[in-house]
Amino acid sequence: MTDRRRQRHPAPQGAADAHSLSAQPRAVVIGGGIAGLTAATALAERGIAVQVVEKEGYLGGRVGGWTEHHDGAEFPMNRGFHAFFRQYYNLRALLGRIDPQLRMLTPVDDYPLIDGAGRRDTFRGLPRTPPWNALMFALRSPTSRLRDLVRMDARAAAPLAAVSVPDTYHRLDHLDAETFLKDINFPESARHLAFEVFSRSFFAEPSQLSAGELATMFHIYFLGSSEGLIFDVVNANFDAGLWNPLRDYLSDIGVRFAMNTRVRRVDTAGTAEFRVHTDAGDPIDADAVVLAADVAGLQAIAAESETLGNSLWHEHIRQLRSAPPFVVHRLWLDRPVASVRPAFLGTSGHEPLDNISVLDRYESQAAAWARNHQGSVVELHSYALNSAAGSEQGVRQLHKLYPETASANVVYERVLQRNDCPLLAPGTYTRRPHIVTPQPGLVLAGDGIRVDLPVALMERAATTGWLAANHLLTGWGLAGHDLYTVPTRGRSPLLRSLALRQERTAP
């Protein structure tokens, strides 16, 4: 919250809490990931009776964590590395419920990027103020030269400098990110190292990612915020550091949890009521429902809930797609990683590997294990996989980049392959389902749901959770919750003026 130009989105006004109502409203939140937990927090803090129904035995969704057991030993495990950027205001507001100082987060002071030729980019020491942060990154990068940047098509590149959400989506969503970068003549080597790394963090190749998402991402992380490009990481396994404390907080304010419970369908039990059917037995009656499931879960529930919404709403949900599979491969090694290695390394040209995390550098449980065994805990990520061979090939790339790991013995390893991330493909923005649905009392939340604000990934999940709850609270005459984002349009008047001039002189 250091950027004085961050944008406040005021909450709807109303009564302080549900005590002013004749009866306490009941809400069921389907899905215990970031979006669902945010919605549950927003509703419960206003006195709504909330029940969270989660199909897994842990909270957090794709940021969930748990403990595995092997040969009498415990091995904390999760869905893999996540970067908590400083401009994730709405996610940080959620985490602030359990610790206003956010001591569960620790900074990663750099995250170098390395390409197949061994060239490295770094974010260390960059200025925080746009556009100088992006300009300095480009000028000092070994993959871009000044003459290459001068050759860029200024007219075609104008949307990068003059982002305006949601207008940018309407202008660029028909293009894929790869085509857009070629059209603006962005240097190919720099494109692979800088933009491809970010594109694949959306779990898709640049050819499968909307150019509107790419431009908005560039705005969020580079030109739209002065929070800096360095991020924080959770300093414990996600269950211990985040979700168990948040569950305790929510339980204290009356939220109930049904874990290991799958929702089958949602029926309308009256003009303003719902009946949620699960595989656990008796249905749950509610006045409102927040549907915060992943793509497959949302589609399965909607398909069985024929009385909800209308035909167009159902069609938009059917058209949602999941991104290609990704692999998280965690290894507990009997030897330490060399101290000169960064805690996090992004890669390009080392297929299928996308990044390496040395967990014992920042995660308390991993650090304790490494001390006790004179070893290390390493995690490999491979996104947008086309085959099932990602884990084996990823280890070979680890050995190439961190040669000391090749002679280490694997004490324990765990490979997760999932494909439950939304695919934000070209031409899909206008067809994505909105937070508000045609069914009164039913709202959606999640990082695949359309929201006309400059947010992405975990921050989009949290933002949609707050907005979904705010919509329901407004219906009950209750006050909502303020939101913050980076500015909704390019913050530099000079760049906006130049971009507008380029558009006016376009043939």
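The basis for the numbers below is simple: all heavy atoms, side chains too, and nothing from hydrogens, waters or symmetry mates.
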Pairing residues for H277 by the side chain to side chain contact (heavy atoms under 4.5 Å, CB included) criterion, not counting sequence neighbours: R265, D267, R275, P283
Tell me the closest heavy-atom pair linking A280 and T261, and the distance in Å. CB-CG2, 3.8 Å
Would you check if the distance from the ring center of F218 to the ring center of F222 is below 6.0 Å? yes
Results of side chain to side chain contact (heavy atoms under 4.5 Å, CB included) for D173 - residues two or more places apart only: S210, Y429, R432
Could you tell me whether F84 and H82 have their ring centroids closer than 6.0 angstrom? no
In terms of heavy-atom contacts, G80 and F238 come closest through O-CE1, 3.3 Å
Does R460 come within less than 4.0 Å of E213, counting only side-chain N to carboxylate O? yes
Roughly how far, to the nearest 0.5 Å, is NE2 of H70 from CH2 of W332? 10.5 Å
Write out all pairs satisfying salt bridge (Lys or Arg N to Asp or Glu O under 4.0 Å) with one or both partners inside residues 54-64, taking only residues at least two apart or from two chains. K55-D294, R62-D447
S382 side chain vs V327 backbone, donor-acceptor pair below 3.5 Å: no
Does any donor atom in the side chain of E379 or H381 lie under 3.5 Å from an acceptor atom in the other side chain? yes
Given W243, which partner from the list L59, N237, L250, D248 fulfils the side-chain contact (heavy atoms from CB on, under 4.5 Å) test? L59
With a 3.5 Å distance limit and no angle check, can you tell me whether R92 reaches the backbone of F85 through a side-chain donor-acceptor pair? yes
Checking side-chain polar atoms at under 3.5 Å, does D176 have a donor or acceptor matched by the opposite partner on S207? no
Sidechain N-carboxylate O distance under 4.0 Å for R79, D420: yes
Against F231, only a single residue in Y111, Y362, Y221 fulfils ring pair (Phe, Tyr, Trp, His ring centres under 6.0 Å); can you say which? Y111
Please check if atom CZ in R450 has more than 12 non-hydrogen atoms from other residues, nucleotides or ligands closer than 6.0 Å. yes
How are the rings of F326 and F203 set to each other: parallel, tilted or perpendicular (split at 30° and 60°)? tilted
Could you point out which residue of H316, E315, Q319 forms a side chain to side chain donor-acceptor pair (under 3.5 Å) with R431? Q319
When rounded to the nearest 0.5 angstrom, what distance separates CG in L37 from CG in L94? 7.0 Å
Nearest-0.5 Å distance that lies between atom CG in L453 and atom OG1 in T485: 5.5 Å
Show every salt bridge (Lys or Arg N to Asp or Glu O under 4.0 Å) that has at least one partner inside residues 358-370, sequence neighbours left out. R330-E363
Ignoring hydrogens and geometry beyond distance, is a side-chain donor-acceptor pair present between E227 and Y89 at under 3.5 Å? yes
So do the side chains of E205 and P324 get within less than 4.5 Å of each other, counting heavy atoms only? no
Among Q87, R86, R128, side chain to side chain donor-acceptor pair (under 3.5 Å) partner for T2: R128
Between CZ of R318 and CH2 of W313, what distance do you get to the nearest 0.5 Å? 10.5 Å
Donor-acceptor pair, distance only, cut-off 3.5 Å: does the side chain of N235 make one with the backbone of R103? yes
Could you check whether any side-chain heavy atom of R264 comes within less than 4.5 Å of a side-chain heavy atom of D279, counting everything from C-beta outward? yes
So the salt bridge (Lys or Arg N to Asp or Glu O under 4.0 Å) pairs with at least one residue in residues 331-343 (sequence neighbours excluded) are R341-E404
Side chain T216, main chain L214, donor-acceptor under 3.5 Å: no
Minimum heavy-atom distance between P352 and L385, given as atom pair plus value: CB-CD2, 3.5 Å
Within the distance-only criterion (no hydrogens, no angle test), does the side chain of S322 pair as donor or acceptor with the backbone N or O of P422 below 3.5 angstrom? no
Any donor-acceptor pair under 3.5 Å from H350 side chain to S348 backbone: yes
Quick check: closest heavy atoms across T464 and A35, and the distance to 0.1 Å? OG1-CB, 4.2 Å
Considering only heavy atoms from C-beta outward, does the side chain of R97 approach that of T41 to under 4.5 Å? yes
Only one of V29, V289, I449, V290 passes side-chain contact (heavy atoms from CB on, under 4.5 Å) with V443; say which it is. V290
Heavy-atom check, side chain of V377 versus side chain of L331, under 4.5 Å: no
Could you give the distance from OG1 (T463) to CG (N90), rounded to the nearest 0.5 Å? 4.0 Å
Please tell me if the side chains of L345 and N355 come closer than 4.5 Å, counting only heavy atoms from C-beta onward. no
So do the side chains of V328 and V415 get within less than 4.5 Å of each other, counting heavy atoms only? no
Close side-chain approach of M104 and D99, heavy atoms under 4.5 Å: yes
CD of Q208 to CG of L423: how many Å apart, nearest 0.5 Å? 5.5 Å
List for me each residue that meets side chain to side chain donor-acceptor pair (under 3.5 Å) alongside Q299, sequence neighbours excluded, and say none if there are none. none
Please examine the side chains of I34 and V63, heavy atoms only from C-beta on, and report whether any two atoms are closer than 4.5 Å. yes
When every non-hydrogen atom of N78 is compared with those of L416, the smallest separation belongs to O-CD1, 3.6 Å
Cation over ring face, R247 and F257, 6.0 Å, 45°: yes
